[in-house]
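First the structure, in the form of structure tokens, and then the observations on it.
Since the model is a prediction, treat every value here as computed from it, not as a measurement. Throughout, residue positions are numbered sequentially from 1 according to the sequence presented. First listed ligand is number 1; within each ligand, the first listed atom is number 1.
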Amino acid sequence: MSGTDQNKPATAQLSVVVPTFKERGNVAELVRRLDAALAGIAWEAIFVDDNSPDGTAAAVKEIAAQDPRVRCLRRVGRRGLAGACIEGILSSAAPYVAVIDADLQHDEKVLPAMLARLTGGQADLVAATRYVAGGSAASFSEGRGAISRLATKMTHRMVGTPLSDPMSGFFMMRRDRFDEIAPRLSPAGFKILLDIAATAGPSLRIAEQAYSFGERHAGESKFNIQIGVEFLGLLLAKMTGDFLDPRFIFFAIVGSIGLVVHLAVLFGGLMVHENFRAAQIIATFAAMTSNFLLNNELTYRDRRLKGWSMLRGFVLFCLVCSVGVMANVDLASWLYVERSTWWLAGAVGAVMSVLWNYAMSTLFVWRAR
Ligand code: GDD
Ligand code: MN
């Protein structure tokens, strides 16, 4: 045998993709555990790090310098769990790919059983689940457990899926099936598994593998309210058959909250002093302020304005909304004269002003960078 053949490393049968953000204290332990769990399997680990400030990428590369099965894909200027998983899987040439969290909450010991079901041809994807017999999510805090169960229930109601744990970020699948659907996946948010299952549809044969969700090893969870809200938007969008954009749904929800704020302030103002005009002006201003702040925090969080640009954005937003209100009043009055159905005229006017405000806000106030 020639020297080059001897030096040729075995090609991986399984790529384990590990999304990381600030997981420096976990990577070495995860590689150790993968090594133990995957004995006898040709595996590789692909860490996808979003330029963590704690030096996670450097920690992975230190390991990679010693262990050719480990590599690190460092992404700069981007954030997002789902996107990181997608890019990691796309960088694999192995026939099977798995995704596992870096914090050791996912039990790596079930990986060989998952692989056996794929190689045996019984399934195209094996989802690790906490919510069947043999699995558990006991390590969840009460709050997180409740959110997870609620999201699971809502998902089952709103989008038909065979997954008992659609929120799971732990799964393994055939790479050829992933490559087919990759262009249609969304890189935003945490819900990569659900997106894969929903996008692929019933032709993707799914099996499940029970496991116990463990405690986080080092570091902190990156889950936050925004991720939960984003997920809610996604479900709502799916309910409308993807007719409505999640961003628009949030804009409309924020607008409805603004209406409540408006009426509450108007009511309060009239209690204090019976000057309708003054109370109405204050209420309008309060509603616009609340709408601006909520939209900045939720609807356009990815383009969030800060400091001076926030002030500039607020002035612009008020201008946009004022034009929206005038157009709404004019349109509604004209319709009322033409048709004389007060509620229809009012509703059409309101819908038109929401559409106007949304379009102008997206174009001018929270411009895409
Ligand atoms: N590259 C990258 N970019 N990785 C990220 C990002 C990001 O923006 N956000 C989180 N991660 C990585 C973390 O470093 C970790 O390895 C993994 O994704 C999961 O993040 P955690 O912060 O540990 O999330 P969790 O434990 O709260 O959430 C778990 O449960 C969720 C719901 O039950 C995860 O398993 C999620 O996938 C799951 O949806
Ligand atoms: Mn975690």
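- Note: Trp366 and Phe251 fail the aromatic proximity criterion, with ring centroids not under 6.0 Å apart.
- Under a hydrophobic-cluster definition in which Ile, Leu, Val, Met, Phe, Trp and Tyr are linked whenever side-chain heavy atoms come within less than 4.5 Å, directly or via other members, Phe250 and Trp356 are assigned to the same cluster.
- Sorted by first and then second residue, the salt bridge (Lys or Arg N to Asp or Glu O under 4.0 Å) pairs involving residues 89-108 (not counting sequence neighbours) are Asp103-Arg216, Asp107-Lys109.
- For the 3.5 Å distance criterion, the side chains of Asp49 and Ser52 qualify, holding a donor opposite an acceptor.
- Although no hydrogens or angles enter the test, the distance criterion places no donor-acceptor pair under 3.5 Å between the side chain of Ser15 and the main chain of Glu44.
- The side-chain heavy atoms of Met352 and Asn357, taken from C-beta on, include no pair separated by under 4.5 Å.
- Using cut-offs of 30° and 60° on the angle between ring planes, the pair His106 and Phe170 is parallel.
- Protein residues with a heavy atom under 4.0 Å from ligand 1 are Pro19, Thr20, Phe21, Glu23, Val48, Asp50, Arg79, Gly80, Leu81, Ala84, Asp101, Ala102, Asp103, Gln105, His106, Arg130, Phe140, Arg144, Met167, Gly169, Phe190, Arg216, Ser221, Lys222, Phe223.
- There is a side-chain donor-acceptor pair under 3.5 Å between His262 and Gln280.
- The stretch residues 45-93 participates, sequence neighbours left out, in no ring-ring contact (aromatic ring centres under 6.0 Å, His included) pair at all.
- For the Mn ion (ligand 2), protein N, O or S atoms under 2.8 Å: 2 in total.
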